[in-house]
There are 2 protein chains.
Amino acid sequence: MAQTTNVAHLLKRLGDHAHRRLAVLLEPLGLRPRHLGLLALVEEAPMAQLDLARAVGVAPSVVVDMLDELDALGAVRRVRDRADRRRQLVELTDAGRALHRKANARLADVETEMIAPLSPSAANALRKALTTLAAQL
Amino acid sequence: MAQTTNVAHLLKRLGDHAHRRLAVLLEPLGLRPRHLGLLALVEEAPMAQLDLARAVGVAPSVVVDMLDELDALGAVRRVRDRADRRRQLVELTDAGRALHRKANARLADVETEMIAPLSPSAANALRKALTTLAAQL
DNA sequence: TATTGTTATACTCTATAACTATA
DNA sequence: TATAGTTATAGAGTATAACAATA
């Protein structure tokens, strides 16, 4: 059967598994996988919401919801931009920084779990290949 | 940033890309990615709908919809089981067999596209690693 | 007029529950 | 009563469109 060995199909199956697994591990933190991209961006520097939406590739209305959730966790703060009072600069709180660190540890856990059956060199080759493929997206 | 090199995250991103790409390539055939699993199962032997649902891991009501779509394409036929008249045995038509062959070719195309940046040996290592990981799901 | 963030609405995908026909 | 298939309904997740405040 073509599907079981086709790389595209394998990537989809494994990617979905990784996503479900990450959702389970993040749940105790009150986070979901989709929050991680936002946290990573805001960790670097405060950012306007529409810029976040563009960077993450998701609709602005969805970013509003996600930020509401992160706000409820005390992980981010919306600060009105005084230069342009339409914009909200989203910045990470100290609690948000700690939360992001924990979330990244859970993400690392998923990787560790998943690559467990591979030899170190095979795991390395996998990471390298995936990184190469992701670079062309 | 952890996400760009984390294997779990890379798998998710690449899997989603593969899925979107496959959807585009299947669209001219009137198929969507989720139909492929059904076609592959029914290609081997006629199967009852609930068995299909269990095999694909999707709700029976969803299988009904998918089969309606495949039926509308003339790809499958529901045949009442004479031993147990509650069951419908789903079988592939000749047109369905041809369609399945084309669909698998499109799936192979997605793989070819995606692994293009890799050397043959790297592509081989990738396929082997993914197959190993998928085996433990 | 155009843009930022927000709200309202709709669409896709899937699951759960209620229904029918057979057993 | 239990099971196979179906229909109806509801829940995530996301996108599009309309809106208020500001530029």
Side-chain angles (χ1 to χ4, degrees), chain A residues 9 12-13 15-24 26-27 30-38 41-42 45-72 76-91, chain B residues 9 12-13 15-24 26-27 30-38 41-42 45-72 76-91:
Chain A
H9 180 248
K12 172 65 173 158
R13 275 186 63 203
D16 285 351
H17 172 81
H19 189 258
R20 280 190 301 268
R21 200 57 198 121
L22 181 60
V24 169
L26 288 182
E27 205 250 297
L31 291 175
R32 280 175 297 156
R34 63 179 190 169
H35 294 120
L36 263 59
L38 244 39
L41 284 166
V42 173
M47 235 175 132
Q49 295 190 192
L50 286 192
D51 291 337
L52 282 173
R54 275 185 284 265
V56 179
V58 75
S61 56
V62 175
V63 170
V64 171
D65 288 345
M66 295 196 286
L67 289 177
D68 285 348
E69 291 158 354
L70 290 174
D71 204 337
V76 301
R77 209 176 3 236
R78 283 155 155 124
V79 181
R80 193 59 72 179
D81 182 353
R82 271 181 301 200
D84 179 345
R85 294 175 33 75
R86 292 172 304 184
R87 316 179 101 216
Q88 312 251 45
L89 296 182
V90 181
E91 57 183 40
Chain B
H9 180 249
K12 173 65 174 158
R13 274 185 63 201
D16 285 352
H17 173 80
H19 190 258
R20 280 191 301 269
R21 200 55 196 122
L22 181 60
V24 169
L26 289 182
E27 205 249 301
L31 291 175
R32 278 172 301 154
R34 63 178 191 170
H35 293 122
L36 263 59
L38 244 39
L41 284 167
V42 173
M47 237 175 132
Q49 295 190 195
L50 287 192
D51 291 337
L52 283 172
R54 275 185 283 267
V56 180
V58 74
S61 56
V62 175
V63 171
V64 171
D65 288 344
M66 293 194 287
L67 288 178
D68 285 347
E69 291 158 354
L70 290 174
D71 203 338
V76 300
R77 207 174 8 234
R78 283 154 157 125
V79 181
R80 193 60 71 178
D81 181 352
R82 271 180 300 197
D84 179 346
R85 294 175 34 75
R86 291 171 304 184
R87 315 179 100 216
Q88 313 250 46
L89 295 180
V90 181
E91 58 183 42

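Proteins come first, then strands; the chains are lettered A, B, ... in the order of their sequence lines, and each starts at number 1.
The separation between Met47(A) atom CE and dG5(C) atom P is 11 Å, rounded to whole Å. Atom CZ of Arg20(A) and atom P of dA12(D) are 18 Å apart (whole Å). Atom C1' of nucleotide dG13(D) and atom NE2 of His19(B) are separated by 14 Å, given to the nearest angstrom. The separation between Asp16(B) atom CG and dC13(C) atom C1' is 14 Å, rounded to whole Å. For the pair Glu27(A) CD and dA12(D) P, the interatomic distance rounds to 13 Å; values are reported in whole Å. Computed from coordinates, the Glu69(A) CD to dT6(C) P distance equals 13 Å when rounded to whole Å. Distance CD (Gln49(B)) to P (dA4(D)): 11 Å, rounded to an integer number of Å.
Listed candidates were dA4(D), dT6(D), dC13(C). Nearest to the side chain of Arg32(B) is dC13(C).
No side-chain heavy atom of Glu91(B) sits less than 4.5 Å from a side-chain heavy atom of Val76(B). Residues Arg32(B) and Leu26(B) fail the side-chain proximity criterion, which asks for heavy atoms closer than 4.5 Å. A heavy-atom distance below 4.5 Å is found between the side chains of Asp16(B) and Asp16(A).
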Less than 3.5 Å apart, which donor and acceptor atoms pair up between the side chains of residues 51-63 of chain B and the rest of the protein, not counting sequence neighbours?
| residue | atom | partner | partner atom | Å |
| --- | --- | --- | --- | --- |
| Asp51(B) | OD1 | Arg54(B) | NH2 | 2.9 |
| Asp51(B) | OD2 | Arg87(B) | NH2 | 3.3 |

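With sequence neighbours excluded, the residues that form a side chain to side chain contact (heavy atoms under 4.5 Å, CB included) with His19(A) are Pro33(A), Lys12(B). Applying the salt bridge (Lys or Arg N to Asp or Glu O under 4.0 Å) rule to Arg78(A) yields the partners Asp68(A), Asp71(A); only residues at least two apart in sequence or on another chain are considered. Applying the side chain to side chain contact (heavy atoms under 4.5 Å, CB included) rule to Arg80(A) yields the partners Arg85(A), Gln88(A); only residues at least two apart in sequence or on another chain are considered.
The heavy-atom pair separating Ala48(A) from Leu89(A) by the smallest distance is N-CD2, 3.9 Å. Across Leu41(B) and Met47(B), no two heavy atoms sit closer than the pair CB-SD, 4.1 Å.
Within the structure, a side-chain polar atom (N or O) of Arg78(B) is placed less than 4.0 Å from OP1 or OP2 of dT6(D). Regarding contacts with the backbone of dA4(D), every side-chain N or O of Gln88(B) stays at 4.0 angstrom or more from both OP1 and OP2.
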**Request:** At under 4.0 Å between heavy atoms, which parts of nucleotides 14-23 of chain C does protein reach? Answer with one letter per nucleotide, 5' to 3': B base, S sugar-phosphate only, - none.
**Result:** SBB-----BS
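Comparing the start and finish of the helix from dT1(C)-dA23(D) to dA23(C)-dT1(D), five pairs each, the helix axis swings through 30°, to the nearest 10 degrees.
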